[in-house]
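First comes the structure, then the notes that go with it.
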Protein chains: 2
Amino acid sequence: MSAEKVTIAVVAKRAGVSKGLVSFALNNRPGVGAETRLRILQVAQDLGWEPSLRARSLSTQRSFALGLVIARNPDVLASDPFFPSFIAGVESILAAERRALVLSVVPDEATELQTYRSLVADGRVDGVFLSDLRHNDARIPLLTELGLPAVTLGRPDGDSPFPAVTVDDTPGVTASVRYLADLGHRRIAHVAGSQNLLHGIRRREAFAAAMTAAGLPEGQTVETDFSVGAGSDATRRLLGQAIRPTAIVYANDPMAIAGLGVAHELGIRVPDDLSITGFDDIDFCRYVYPPLTTVSAAPAVWGRAAATTLLRLMENGRADDVDLPAARLIIRGSAAPPARP
Amino acid sequence: MSAEKVTIAVVAKRAGVSKGLVSFALNNRPGVGAETRLRILQVAQDLGWEPSLRARSLSTQRSFALGLVIARNPDVLASDPFFPSFIAGVESILAAERRALVLSVVPDEATELQTYRSLVADGRVDGVFLSDLRHNDARIPLLTELGLPAVTLGRPDGDSPFPAVTVDDTPGVTASVRYLADLGHRRIAHVAGSQNLLHGIRRREAFAAAMTAAGLPEGQTVETDFSVGAGSDATRRLLGQAIRPTAIVYANDPMAIAGLGVAHELGIRVPDDLSITGFDDIDFCRYVYPPLTTVSAAPAVWGRAAATTLLRLMENGRADDVDLPAARLIIRGSAAPPARP
DNA sequence: ATAGTTAGCTAAACCGGTTCAGTAGGCGGG
DNA sequence: CCCGCCTACTGAACCGGTTTAGCTAACTAT
């Protein structure tokens, strides 16, 4: 019988109006009589009509989807729960708007740029999230050139036409150092993240500044790529020295957990012989032994804020920067006063 | 000048043929003269023409995208690197095909089903991956009804019209139990995953069967939801007993790592006083102390195979099941012969 | 020589919306 | 009473591809 597919034309005929008017009524635009509008909407509902996203896409040149491109070393990606949580936050906003999230995971930066080009060429997305900002990030001029709306996760270090949704890392690092200094530590080291990434750089800078502010000698810093393995190696190097640090501030939790493992292996007791702090407050922190003192980051909240901002930008052509509550120190059991020599 | 947008019509005019013929040439269909075809392709290339995905979508009723809907407790999602790795595998196949991955993360099963309906109603995807299979999974009849091609990750327990891409968990669990039994353990417990999930059920069944096969008494089993916190609680319960197990087989690594933490906290030495094994071989395993004996799963390989199979299904209307190499035991340092009482 | 194929190609319909120019009718102002 | 203007609405073009019916010319078979 009525196996006929319901299109705007069917609705129009049934309501006794033109296709155009149905379109106007649907997108509640002016120029439609009040009762006509109601009749149209009623008919649409009766027929169970849902406008075709594809047709809409073609005529409006929009895709009703947002994009996220992740360029990370697979190891780092796998052990860092940032993205799953962030994405869950993003989705909680998008679902209500009936928009989709297009995700790309790529192996390197060159592919990443190429992926943005493809996404735009294919009109897959109407806007994107820029995560893992880098120094002089090539994506910013690229996206500007491509004319694709974007939101940066954190403030980039150069000029950027895009709104930034930021969680400031500095206070968390500062608080960690101060906390350790107050406990009496003087030789505090830092296992830094990748210095290609802005948050890696900023955490290291915050560490250095906090050491100075605490009146301590410059702390030893080891650069890593944020991976668990690199965290382990860095810890081994730090602890293998004749004079070793009494505390280590890690740039993320996975590395701190790896550090915990190395300490155990070397028979160095945490927190008695060595204090450590992490960054991110991943789930594991609460459950390793001793539980990890770390800095909370709330990636899901970040995801919601980023999605909201990006939608606003696309809607209004502009959106203000958003500063989320800074990450703060969560004190657990992995730090204590240094042992007396 | 030629700021004009390049469409098929422009290419057609420039090549002196009709739009239709350009389309034929592009999709290399018969009915186009050899040199005409070359000329058309040459013109297309000269003009840098890329057919519009949106227009194609509308006329072919396809979206050139695949979907993945994840319904997981945020805690579990965050600590389990399965999806990031799986997705990386999927993407490595999709990128070459110029298809996109649409990802949805939803809070519960009801929303999950609704999400599949939306994806189909909006024509967002041409096929989907079904992960985290459940007993009598409602998604299978739903997708059958919706007519959406799908691939299941693992073999479902009921009838399914979809190809299954499987990594058999059983041998890994069996090997773990056998390994522990060979070391001399008799009281082996199992911290099982969610019994709503097929892999949770199968690992538990494999555990029970392996215990019997090894001639051991039925092992104690605690059910969890696969989360780190639940793994911690379960461990605490097992170790708080008067007569406690000498070994614990965990249904996944995050719980095993939590178990390691609990043991440390209680002053129970691993592996001297307690042996443990995990499942999945996540990155952390190598770096906790002692390094975790576990079962490897290779989610990225799984992702590639699943994507390949799904594409084949969509192409040919059918695809065979794929059985990937079974997960195998990786022996590290978290198990040893039981202490003499 | 004539009818029947077939390869190569064109024109137009189609996918299902949006948008814009234009028309008819109603109303207020002069 | 006429003009102008606004509101409600229609018809057609448009987005940019795919697909189908049908035409022509050349080639084969009889």
Side-chain angles (χ1 to χ4, degrees), chain A residues 2-41 43-45 47-65 98-99 120-124 126, chain B residues 2-41 43-45 47-65 98-99 120-124 126:
Chain A
S2 74
E4 187 186 11
K5 191 195 282 186
V6 196
T7 70
I8 196 173
V10 177
V11 174
K13 191 189 300 178
R14 182 78 166 268
V17 296
S18 68
K19 289 198 319 175
L21 204 61
V22 175
S23 176
F24 275 33
L26 180 76
N27 300 307
N28 43 351
R29 277 237 251 280
V32 187
E35 50 186 309
T36 312
R37 156 167 290 137
L38 286 178
R39 178 163 41 94
I40 292 174
L41 295 179
V43 170
Q45 184 167 355
L47 267 49
W49 175 59
E50 298 202 25
S52 148
L53 185 76
R54 291 201 261 248
R56 238 163 192 260
S57 268
L58 178 59
S59 62
T60 62
Q61 306 283 32
R62 296 188 297 157
S63 60
F64 306 95
R98 213 160 185 182
R99 308 200 184 223
V120 170
D122 291 347
R124 292 262 192 204
D126 301 325
Chain B
S2 72
E4 187 187 8
K5 192 195 283 187
V6 196
T7 70
I8 196 172
V10 177
V11 175
K13 190 188 302 179
R14 182 77 166 268
V17 296
S18 69
K19 289 199 321 178
L21 204 62
V22 176
S23 176
F24 276 34
L26 181 76
N27 300 307
N28 42 350
R29 277 235 249 281
V32 187
E35 51 186 308
T36 312
R37 157 166 291 137
L38 285 178
R39 178 163 41 94
I40 292 174
L41 295 179
V43 170
Q45 183 167 355
L47 266 49
W49 175 59
E50 298 202 25
S52 150
L53 185 76
R54 292 202 260 248
R56 242 163 188 257
S57 270
L58 178 59
S59 60
T60 61
Q61 307 284 32
R62 295 187 298 157
S63 60
F64 305 95
R98 213 159 184 179
R99 307 201 185 225
V120 171
D122 291 348
R124 291 261 191 205
D126 301 324

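On a predicted model such as this, the values are computed, not experimentally measured, just so you know. Here is the naming used below: chain letters follow the sequence lines, and residue numbers restart at 1 for every chain.
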For [X], report the nucleic acid contact type (base, sugar-phosphate, nothing); a contact means any heavy atom under 4.0 Å.
X	value
B/Gly33	sugar-phosphate
A/Gly16	sugar-phosphate
B/Val17	sugar-phosphate
A/Ser23	base

What's the [atom1]-[atom2] distance between [X] and [N], to the nearest Å?
X	N	atom1	atom2	result
B/Leu21	D/dG17	CG	P	15 Å
A/Lys13	D/dT10	NZ	P	14 Å
A/Leu53	C/dT18	CG	P	11 Å
A/Leu47	C/dG17	CG	P	12 Å
A/Asp122	D/dG16	CG	C1'	14 Å
A/Arg37	D/dT7	CZ	C1'	13 Å
A/Ile8	C/dG17	CD1	P	6 Å
A/Leu58	C/dC15	CG	P	14 Å

Phosphate contact ([N] OP1 or OP2) by [X] side-chain N/O below 4.0 Å:
X	N	value
B/Arg56	D/dT18	yes
A/Thr36	D/dC9	yes
A/Ser59	D/dC15	no
B/Gln61	D/dT18	no
A/Trp49	C/dG17	yes
A/Ser18	D/dT10	yes
B/Lys5	D/dC15	no

Side chains of [X] and [Y] in contact at under 4.5 Å (non-hydrogen atoms):
X	Y	answer
B/Val22	B/Trp49	yes
A/Pro51	A/Arg56	yes
B/Gln45	B/Leu41	no

Is a donor-acceptor pair below 3.5 Å formed from side chain B/Lys19 to base D/dG17, judging by atom type as modelled? yes

Go nucleotide by nucleotide along DNA chain D from the 5' end; which of B/Phe24 and B/Ala55 gets its closest nucleotide reached first? B/Ala55

Under 6.0 Å from the six-membered ring centre of A/Phe24 and within 45° of its axis: does the NZ or CZ of A/Arg29 meet both? yes

Do A/Arg54 side-chain atoms and B/Gln61 backbone N/O form a donor-acceptor pair below 3.5 Å? yes

Can you tell which of A/Val11, A/Ile40, A/Val32, A/Val43 makes a side-chain contact (heavy atoms from CB on, under 4.5 Å) with A/Val17? A/Ile40

